[in-house]
**Q** 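Please find one structure pasted underneath; my questions will follow.
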Amino acid sequence: MNNDLDINSLNQIIRLRRNRSTDWIREMVAETRLFISDLILPIFIIEGSNTKQSIKELPGVYRFSVDLAIKHIKYASSLGIKVFMLFPVIDANLKNNQATESYNENNLLCRAIKAIKSAVPDIGLISDIALDPYTSHGHDGIIAKNNYGRLVIDNDLTIEILKKQALAYVKAGCDGVSPSDMMDGRILAIRKFLDQNAYQDSLIFSYAAKYSSSLYGPFRKAVGSNVENENNLISDKKTYQMDYRNASEAILEVENDIKEGADVIIIKPGIFYMDVISKIKHKFICPIASYQVSGEYAMLKIASEHGIINFNEVFKESLYCLKRAGANSIITYGAIEAIENNIIS
Ligand code: PBG
C-alpha cells in the first residue's frame, strides 16, 4: 500500500459529516447554547406620557415615555427577558459642558428608574454611566484645557461627575451601573463612592473594552448625542475610546477593571470584535457581555428590509457566534424579536 491509499482509508473511517447528518444529532453535539436569560434589552427613554417614537436609523426600535417603557418592559419580562439597560434622551436646554443634569436626582432617568422598579420589581435595571446624553457637545466627559493649553476630555474632572451620576441612579433604585465613558480609573472611583454611600451591593457592568466605532451612529441619532453635528472642537471620541487596531490593549483595560471591582465586563461592539471576546474569555475568569450595537442591528434590519438577507437567520447566527466567541450575555436591540420569532424558545 502506498501513502495515498492510507490517507484515503483514514478519511473513510473519520467522517465528520456523520455528526451533521440529522437534526437530532446536530442538536446533540451543538457546542453553543443560547438562552433567553443571555439577553439584555436596551431601552430609550423620553419625557412625556403615552408617547412612542420610531427611530429612522433603527427600524423596529422606539423611544418610549416612562409609562410606555413600563408596558414594554412588562411585555419583554413576560417573554423572559429580565435585564434592561436604560438610555435617556435629554432636553437640549438641560445640557451643558458640566453635565449637571446627569446627577440631578429628579432627572428623567432617575424618574424612569423609580417608576419602572416600582411597576416591575423583579427585573434587573442597569443604567449607562457616561455624560454624553447630558453634555452640550455630546462627549462622554467634560472638556477642559490641560497644562499644555490643549482642549481635552478631562479624565479626573469627568470621574467626579460620573461618581455623582452613579449615586443618583442607584439611589433611584437601579440594580447596577454600566460605565461606558472609558475614563481611566473610573471603576475604582465609582466602586469606592458607592460603597462609602452604603451601595456596596450595586453591580458594576464595566464597558472595559469599548472601541471608538462608527457603528454607534444610529444610537447617537436615537439619543441626540451626535458629536459631529455640534460644531465641536473635539470631533470624535478617539482620545478615550479604544483604537480598533488594538487587541492586546483590551487585556490591559479588562485587567484594570477587574482589579478595580467590575462585576461584569462588556466588550463593544459585537461581531467585529469577536477576537477580543475570545481573548478575554481565555485570559480571565469573569462574566462577559457583548454589546451588539446599533449599527450592527441596523445593518441586519435594513439589509433584510431590502430582501438581501433573511433577518431571522442572520440575527440568529450573530447571537450564536457571539456566544461561541465566549460571551455569556448579549446586549441587543433584537432581544424581543429573538423570542417572538422563535430564534430562542
Ligand atoms: C454612551 C454610549 C454609546 C453607546 C452606548 N453607550 C455611544 C457612544 O459611545 O458614543 C452606543 C450603543 C450603540 O451604538 O448601540 N457612551
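When a ligand or atom number is given, it counts from 1 through the structure's own listing order.
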**Q** Taking only Lys NZ, Arg NE, NH1 and NH2, and the carboxylate oxygens of Asp or Glu, determine whether D175 and K117 approach each other closer than 4.0 Å.
**A** yes
**Q** Which residues satisfy the side-chain hydrogen bond (donor to acceptor under 3.5 Å, both in side chains) test with K74, sequence neighbours excluded?
**A** none
**Q** Listed by chain and number, what are the ring-ring contact (aromatic ring centres under 6.0 Å, His included) partners of Y273, not counting sequence neighbours?
**A** Y211
**Q** In chain order, what residues pass the side-chain hydrogen bond (donor to acceptor under 3.5 Å, both in side chains) check against D67, with sequence neighbours excluded?
**A** S65
**Q** Aromatic contact between F87 and F219, with the criterion being ring centroids under 6.0 Å apart: yes or no?
**A** yes
**Q** For residues Y297 and E337, is any side-chain donor paired with an opposing acceptor at under 3.5 Å?
**A** yes
**Q** Collect the protein residues that have a non-hydrogen atom under 4.0 Å from ligand 1 and hand them over in chain and number order.
**A** F87, D128, A130, D132, D140, S180, K210, L215, Y216, F219, R220, K237, Q241, K268, Y291, V293, S294, Y333
